[in-house]
Number of protein chains: 2
Amino acid sequence: MKDLLLENLAFTLNGRLWIESTNDRFLGIGRLELLEKIDAYGSISKAAQAMGMSYKKAWDLVSSMNAQVRTPLVMTQAGGKKGGGAALTVEGKQVVEMFRGMQARFQQFMEQEADLLKA
Amino acid sequence: MKDLLLENLAFTLNGRLWIESTNDRFLGIGRLELLEKIDAYGSISKAAQAMGMSYKKAWDLVSSMNAQVRTPLVMTQAGGKKGGGAALTVEGKQVVEMFRGMQARFQQFMEQEADLLKA
DNA sequence: TTTCGTTATGTATGAAAAAATATAACGTGT
DNA sequence: ACACGTTATATTTTTTCATACATAACGAAA
């Protein structure tokens, strides 16, 4: 065994991955899930509710993301049928797909490293 | 190019990796650096100072780490030559080496993924 | 013109984390 | 006995951050 010290102790490996600009965070696992739920529900408020997050927080996150790219990731409409709604733009969907892949590879990396701990 | 959306925008990929138990964090990049500095200076207070961290915070971190393993990672002495001091145990050095390697591979992973963003 | 559910935005409250402050104990050497 | 620099620990203050609350605007449909 390589690691006598940590074996038998209930340790788990965890981590986070995110894309940031000089000032703000751009995209992490939380924002990714929010985008996915917006895509699923067609609404920021429903997405927020599904995540147990306040509408304001969700809106702030969307606003932050949209402000950091040339083409918004989420387009919104206030008023209209059903009161309004939100949807991912093509660019938004691209970003979701890209980061979902990155996240999957990261998960794989962590599992690999966790195995190494107990090897 | 794979990612037309994010290119030319000053985005960087960042991340964190840590080992945790059910209750507390055990080891991350900050604690690793603290251990390394304790090893270098032979003192918690000097290590804290070198990291721009309060002594109390450094002490708390050491206390947390030591409490989560069978054999302490850091051994301390209050009073004595030079007022006392601290040093890594053999196990402490093992943990440092182990996590430094993990951290290096993580860095490599992130660079690889960052390249993918701009490919 | 009223109702409805949503987006849009500001403000206030509360909780948690971090930092600052204070004090005691310890053991070696003077 | 005293000084010194360190570990050890409690308490208080400050800062940060998340949450809650409150309100307005929007646009379609009844």
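Order of the sequence lines fixes the chain letters, A, B, ..., with proteins taken first and strands second; residue numbering starts at 1 for each chain.
- Distance, B/M65 CE to D/dT7 P: 14 Å, rounded to whole Å.
- When the shell of 6.0 Å around CD of A/Q103 is examined, it contains more than 12 heavy atoms from other residues, nucleotides or ligands.
- Remark: P of D/dG5 and CD1 of B/I44 are 18 Å apart, rounded to the nearest angstrom.
- Taking every heavy atom of residues 26-34 of chain A and every atom of DNA chain C, no pair lies under 4.0 Å.
- At a threshold of 4.5 Å between side-chain heavy atoms, the hydrophobic network of Ile, Leu, Val, Met, Phe, Trp and Tyr places A/Y41 and A/L35 in two separate groups.
- Here the C1' atom of nucleotide C/dA18 and the CG atom of B/L61 are 12 Å apart, to the nearest Å.
- The existence of a salt bridge linking B/R70 and B/E91 is excluded, since no basic side-chain nitrogen approaches an acidic carboxylate oxygen closer than 4.0 Å.
- The side chain of B/S45 contributes an N or O atom lying less than 4.0 Å from OP1 or OP2 of D/dT7.
- What you find for B/N14 and A/E20 is that their closest heavy atoms are ND2-OE2, 3.1 Å.
- Within the structure, every side-chain polar atom (N or O) of B/W59 is placed at least 4.0 Å from both OP1 and OP2 of D/dT7.
- Between B/E113 and B/L116, the closest side-chain pair of non-hydrogen atoms falls below 4.5 Å.
- Remark: P of D/dG5 and OH of B/Y41 are 18 Å apart, rounded to the nearest angstrom.
- Taking atom CG on B/D60 and atom C1' on C/dA20, their separation rounds to 13 Å, with Å as the unit.
- Linking ILVMFWY side-chain heavy atoms closer than 4.5 Å, directly or via other members, places A/I29 and B/F106 in a single hydrophobic cluster.
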- Item | Base-contact (B) and sugar-phosphate-only (S) positions in nucleotides 11-30 of chain D, heavy-atom cut-off under 4.0 Å, - elsewhere | B-------SB-----BBS--
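- Taken together through direct or relayed side-chain contacts under 4.5 Å among Ile, Leu, Val, Met, Phe, Trp and Tyr, A/W18 and A/V62 form parts of separate hydrophobic clusters.
- Residue A/T76 places at least one side-chain N or O under 4.0 Å from the OP1 or OP2 atom of C/dA8.
- Look at CZ on B/R25: it is 18 Å from P on C/dA16, rounded to the nearest Å.
- For A/S43, no side-chain nitrogen or oxygen approaches OP1 or OP2 of C/dG5 to under 4.0 Å.
- For the pair A/Y55 OH and C/dT11 C1', the interatomic distance rounds to 17 Å; values are reported in whole Å.
- Residues B/Q68 and B/S64 bring a donor and an acceptor atom of their side chains to less than 3.5 Å of each other.
- Across all their heavy atoms, A/I44 and A/Y55 have their closest contact at CG2-CE1, 3.6 Å.
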